[in-house]
Amino acid sequence: MLRVNGVTKKYKKLRANNSITLGLGEGEIGLLLGLNGAGKSTLIKCICGLLNFEGSVTVGGFDCKTSEAKGLIGYVPETPALYDYLTVEEHLSFIERAYGCENSALKEKLLDMFELSDKRNKLGKELSKGMQQKLSVCCALLHEPKLVIFDEPMVGLDPYAIKTLKNLFVELKSNGVSVLISTHMLDSVETCWDKAFILSKGELVAERTHGDGGLEEVFFSITGESKK
């Protein structure tokens with residue numbers, strides 16, 4: 001579903017990503033791991049076609065900058081990008097019009113899942129950071145994408161919402177949807193993954209599958225962090 005081949009992204013003399021190659025199949029959950037500044041968010045923006053870069057990225061066989069690829073991607077950024085003066089309901093209606101989709105049952109399911117049903121008339125600027133994050137997830141899933149990318153999704157969420165999100169990862173996988181989760185919080189995703197890609201200083205320095213085991217040890221040895 002996702003193929004990243006030799007992606008390099010430079011900001012003047014800084015290489016935020018250096019010749020990164022990785023892949024994710026249908027229904028697989030991938031972890032993009034690394035400390036802050038490792039290049040995770042930059043790679044995600046390249047995958048979503050938001051940045052110019054060297055190399056290639058395909059989603060479902062389509063170049064990531066094409067409309068076909070963008071229609072297959074659901075993206076939850078680290079900082080929710082909402083409209084201050086649109087309500088929760090209007091945000092979702094905007095997504096429906098943008099993607100030409102209308103699925104009332106799914107919309108109500110998402111609102112209920114993330115405890116937003118009674119917030120549907122709240123403006124974006126009136127929502128707490130956690131509620132904004134929940135709405136961002138709903139917007140990313142409403143058009144039923146085949147690849148969903150989460151950039152530090154647990155930040156700002158309460159324990160119940162984190163549990164809900166973990167269950168959602170598993171549900172997406174069971175429905176054949178590929179999921180890529182960027183995080184530096186290893187304990188938040190320790191059980192729900194198939195592949196792990198560890199970045200350090202813009203380089204892909206290690207790759208593991210769930211059956212390999214020893215992910216924590218590899219991560220801490222590479223990042224220089226101590227396990228707490």
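Note that the coordinates shown come from a computational prediction; the quantities given were computed from them, not determined experimentally.
- Taking all atoms of both residues into account, the shortest heavy-atom contact from Lys9 to Cys46 is CB-SG, 4.1 Å.
- At a threshold of 4.5 Å between non-hydrogen side-chain atoms, the residues Leu135 and Leu92 count as touching.
- Counting only distance, with no hydrogens or angles, the side chain of Ser93 and the backbone of Glu90 share no donor-acceptor pair below 3.5 Å.
- Applying the salt bridge (charged side-chain N to carboxylate O under 4.0 Å, His left out) test to residues at least two apart or on different chains, the pairs with a partner in residues 114-127 are Glu89-Arg120, Glu108-Arg120, Glu115-Lys134.
- Rounding to the nearest 0.5 angstrom, the gap separating the NZ atom in Lys45 from the OH atom in Tyr75 is 5.5 Å.
- Taking SG from Cys138 and CD from Gln133, the interatomic distance works out to 10.5 Å, rounded to the nearest 0.5 Å.
- Side-chain contact check for Thr87 and Asn121: no donor-acceptor pair (N or O, by modelled atom type) lies under 3.5 Å.
- Side chain of Lys195 to backbone of His210: no donor-acceptor contact under 3.5 angstrom is found.
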From CA spacing to verdict: side-chain contact (heavy atoms from CB on, under 4.5 Å), Asp112, Leu110
CA-CA 5 Å; Asp112 182 62; Leu110 291 169; over 6 Å; no
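- The 12-atom threshold is not exceeded at CD of Glu102, counting heavy atoms of other residues, nucleotides or ligands nearer than 6.0 Å.
- Partners of Lys146 under the side-chain hydrogen bond (donor to acceptor under 3.5 Å, both in side chains) rule, at least two apart in sequence or in another chain, do not exist in this structure.
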Pair Leu165, Phe114 - check side-chain contact (heavy atoms from CB on, under 4.5 Å), show working.
CA-CA 9 Å; Leu165 199 54; Phe114 288 101; 4.1 Å; yes
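- Taking CZ of Phe62 as the start and CG of Leu72 as the end, the distance is 6.5 Å to the nearest 0.5 Å.
- Taking CG of Leu82 as the reference point, atom OG of Ser136 lies at 6.0 Å (rounded to 0.5 Å).
- Residues passing the side-chain hydrogen bond (donor to acceptor under 3.5 Å, both in side chains) test with Arg15, sequence neighbours excluded: Asn18.
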Pair Leu172-Leu168, side-chain contact (heavy atoms from CB on, under 4.5 Å): steps then yes or no:
CA-CA 6 Å; Leu172 289 170; Leu168 177 63; 4.0 Å; yes
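- Taking the side-chain hydrogen bond (donor to acceptor under 3.5 Å, both in side chains) definition, one finds that Glu207 meets it with nothing, sequence neighbours left out.
- Checked for salt-bridge contact, Glu28 and Lys173 miss the test: no charged N lies under 4.0 Å from a carboxylate O.
- At a threshold of 4.5 Å between non-hydrogen side-chain atoms, the residues Val88 and Leu111 count as touching.
- Around NZ of Lys163, the count of heavy atoms belonging to other residues, nucleotides or ligands within 6.0 Å does not exceed 12.
- Under the 4.5 Å side-chain criterion, counting only non-hydrogen atoms from C-beta, Trp193 is not in contact with Val179.
- A pairwise comparison of heavy atoms in Leu32 and Leu22 identifies CD1-CD2, 4.4 Å as the closest pair.
- Residues Val148 and Pro145 share a closest heavy-atom pair of CG2-CG, 3.6 Å.
- A side chain to side chain contact (heavy atoms under 4.5 Å, CB included) with Ile20 is found for exactly one of Leu199, Thr8, Asn5, namely Leu199.
- In terms of heavy atoms, Leu86 sits closest to His91 at O-CE1, 3.3 Å.
- Residues Leu24 and Ile198 do not share a hydrophobic cluster, defined by chaining ILVMFWY side chains whose heavy atoms lie under 4.5 Å apart.
- Residue Tyr11 qualifies as enclosed at atom OH: its count of foreign heavy atoms under 6.0 Å is above 12.
- A side-chain donor-acceptor contact under 3.5 Å links Asp158 to the backbone of Tyr160.
- Under the 4.5 Å side-chain heavy-atom criterion for grouping Ile, Leu, Val, Met, Phe, Trp and Tyr, Ile95 is connected to Met131 within one hydrophobic cluster.
- Transitive grouping of hydrophobic side chains (ILVMFWY, heavy atoms separated by less than 4.5 Å) brings Ile162 and Val76 into a common cluster.
- No continuous path of ILVMFWY side-chain contacts below 4.5 Å connects Val7 to Val205, so the two sit in separate hydrophobic clusters.
- Between the CG atom of Asn17 and the NZ atom of Lys40 there is a distance of 11.0 Å, given to the nearest 0.5 Å.
- Scanning all heavy atoms of the two residues, the minimum distance from Phe169 to Pro153 falls at CZ-CG, 4.4 Å.
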Walk me through it: do Ile29 and Ile181 pass the test side-chain contact (heavy atoms from CB on, under 4.5 Å)?
CA-CA 8 Å; Ile29 298 177; Ile181 307 164; 3.9 Å; yes
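- Using a 4.5 Å heavy-atom cutoff, the side chains of Phe150 and Val137 are in contact.
- Applying the side chain to side chain donor-acceptor pair (under 3.5 Å) test to pairs two or more places apart or on separate chains, those with a residue in residues 47-62 are Asn52-Lys65.
- A 4.5 Å side-chain heavy-atom check between Leu147 and Met1 finds at least one atom pair inside the cut-off.
- When the side-chain hydrogen bond (donor to acceptor under 3.5 Å, both in side chains) test is applied to Lys201, no partner is found at least two apart in sequence or on another chain.
- By the 4.5 Å heavy-atom criterion applied to side chains, Ile73 and Ile149 are counted as neighbours.
- With rounding to the nearest 0.5 angstrom, the OH atom of Tyr99 is 10.0 Å from the CG atom of Leu142.
- Of the possible polar contacts, none joining the Thr42 side chain to the Gly39 backbone as a donor-acceptor pair under 3.5 Å is found.
- Between Gly6 and Thr21, the shortest heavy-atom distance links the atoms N-OG1, 2.9 Å.
- Put simply, the side chain of Ile47 reaches to within 4.5 Å of the side chain of Leu43, judged on heavy atoms.
- With a 4.5 Å cut-off on side-chain heavy atoms, Ser182 and Ile44 count as touching.
- Leu51 and Val57 are members of different hydrophobic clusters when ILVMFWY side chains are connected at heavy-atom separations under 4.5 Å.
- Here Glu144 does not pair with Lys107 in a salt bridge; the nearest charged N to carboxylate O distance is not below 4.0 Å.
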